[in-house]
Peer 1: 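Can you read through this structure? Questions will come right after.
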Amino acid sequence: ISSTKLSAYNTKFYSNKVYENEAYRDGGGIYIKGFSPIIYNSLIVNNTSTDDGGGIYDTNSVSKYYNCTIADNNADEGGGYFSPNTSASSSFYNDIVWDNSPDDVEYNGNPPNASSGKYSYCDIGSFTNMPNNYNINANPKFTTYNGIDYLPSNISTPTSPCINSGDNIPGFFHSTYDLRGTPYLRTVNQIDMGAYEYPANGSYKIAKTDSSNTVLDFDNIMVFPNPVESYYNIRLISETKCKVEIMLINSFGKNVYSSELLLVEGDNLIQFQRGQLSDGIYYLKINSAIFDSKFTKIIFK
């Protein structure tokens, strides 16, 4: 979206992408003055200010930032986040603020100090005293999958330190899904940092090959009809015979159905009955010992 001026107390700003904006003064992506918005699971990237606050300019507020990714923003000062108030009271939870220029976070010329208590379970590149409140200062190892940028990589080498490093802290109960619609996983009270949640044992990497160079073509998975009323079909293509596990996960991260199937080489079409499952959003997960997992959203109505 375009550069945004937030000007209402406790404005709630959910699941937005603020990118490639340019301001000729302060606040390339978001400008906040005198109000206190709450910004949830948003991506604020590639914004530019010729003055301060390439991603966010925030003054005279007690704003809160939950599971945001703020990266690759540029400004004269405070490339990611800038406040002209050295004692600003804004709070950051489960955020990634990385690779902004010249500084990730700046308070009137000063980098943040983790001991201030303003940050919890964050990965911020310009911290001074680390670690504190479970903050880290480590490369988030962003990757791109299916056209989505700024996903923390879960490939075995390298693996992002932001996966399973966040926390389901008080006040975060409001949000069930990340920026791309994947449910936040709270089975052990450990969600990820940033705007994107790593989906259980799934992967952000395109289906890998095994030693036989066999590939499951996840780009050709189809689920129909969708939305689902009484039944749904799954169609997928495999370059080899292999065993897969099909799982259906509800919006609370609970597995409500699972089945093992043997795929044939080529085109596979499998039909499932909805049964007694209630209306809502579900996630189809396909696992295999030789392929990375895949999530697909299904709506039951």
Side-chain angles (χ1 to χ4, degrees), residues 143-148 151-160 163-164 176-178 180-192 196-301:
T143 189
T144 298
Y145 176 69
N146 280 355
I148 302 175
L151 298 163
S153 172
N154 64 354
I155 305 169
S156 56
T157 304
T159 298
S160 172
I163 293 174
N164 293 326
T176 303
Y177 306 103
D178 76 347
R180 68 173 187 162
T182 298
Y184 283 112
L185 304 171
R186 301 183 168 115
T187 55
V188 292
N189 215 33
Q190 283 289 111
I191 64 176
D192 298 342
Y196 294 107
E197 175 77 2
Y198 165 57
N201 294 317
S203 178
Y204 289 138
K205 183 168 72 71
I206 295 174
K208 63 185 178 184
T209 59
D210 69 357
S211 58
S212 302
N213 293 318
T214 54
V215 174
L216 179 64
D217 189 350
F218 282 145
D219 290 334
N220 287 321
I221 286 181
M222 296 180 61
V223 178
F224 62 93
N226 191 10
V228 174
E229 293 186 358
S230 59
Y231 71 93
Y232 57 98
N233 300 296
I234 302 173
R235 182 181 182 182
L236 48 85
I237 297 171
S238 178
E239 292 188 1
T240 184
K241 182 187 294 186
C242 66
K243 183 183 291 186
V244 297
E245 180 185 28
I246 307 284
M247 300 173 62
L248 197 63
I249 299 169
N250 65 17
S251 59
F252 299 100
K254 181 180 179 181
N255 180 18
V256 296
Y257 174 83
S258 63
S259 176
E260 284 194 349
L261 300 171
L262 183 63
L263 300 183
V264 300
E265 182 179 348
D267 201 350
N268 294 263
L269 182 64
I270 311 108
Q271 186 174 100
F272 294 88
Q273 297 298 318
R274 170 179 174 169
Q276 301 300 314
L277 293 173
S278 58
D279 292 355
I281 296 175
Y282 293 79
Y283 292 85
L284 178 74
K285 180 182 178 183
I286 302 176
N287 291 326
S288 172
I290 60 173
F291 304 117
D292 287 338
S293 301
K294 170 67 177 181
F295 274 75
T296 298
K297 183 162 67 176
I298 304 177
I299 299 173
F300 287 0
K301 71 173 186 177

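Source: prediction; values computed, not measured.
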Peer 1: To the closest 0.5 Å, what do you measure between CG (Asn164) and CD1 (Ile191)?
Peer 2: 10.0 Å
Peer 1: For a 4.5 angstrom cut-off between non-hydrogen side-chain atoms, does Ile246 reach Leu284?
Peer 2: yes
Peer 1: What donor-acceptor contacts under 3.5 angstrom involve side-chain atoms of residues 226-233, with partners at least two apart or in another chain?
Peer 2:
| residue | atom | partner | partner atom | Å |
| --- | --- | --- | --- | --- |
| Asn226 | OD1 | Ile299 | N | 3.1 |
| Asn226 | ND2 | Lys297 | O | 3.2 |
| Asn233 | OD1 | Gln271 | NE2 | 3.1 |
| Asn233 | ND2 | Phe224 | O | 3.4 |

Peer 1: So how far is it from Asn250 CG to Asn255 CG, rounded to the nearest 0.5 Å?
Peer 2: 8.5 Å
Peer 1: For the CD1 atom of Ile270 and the CD1 atom of Ile234, what is their distance to the nearest 0.5 Å?
Peer 2: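 Interatomic distance, Ile270 CD1 to Ile234 CD1, rounded to 0.5 Å: 6.0 Å.
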Peer 1: Mind checking the NZ-OH spacing from Lys254 to Tyr282? Nearest 0.5 Å is all I need.
Peer 2: 10.5 Å
Peer 1: Enter the distance from Leu151:CG to Ser160:OG here, rounded to the nearest 0.5 Å.
Peer 2: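 If we round to the nearest 0.5 Å, Leu151:CG and Ser160:OG are 10.0 Å apart.
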Peer 1: Apply side chain to side chain contact (heavy atoms under 4.5 Å, CB included) to Ile249 and Val256, showing your working.
Peer 2: CA-CA 6 Å; Ile249 299 169; Val256 296; over 6 Å; no
Peer 1: Compile the donor-acceptor pairs under 3.5 Å between side chains in residues 257-264 and protein atoms, sequence neighbours left out, one pair per line.
Peer 2:
none

Peer 1: Kindly say whether Glu197 contributes a backbone atom to a donor-acceptor pair with the side chain of Asp178 at under 3.5 angstrom?
Peer 2: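 Yes, Asp178 side chain to Glu197 backbone: donor-acceptor pair under 3.5 Å.
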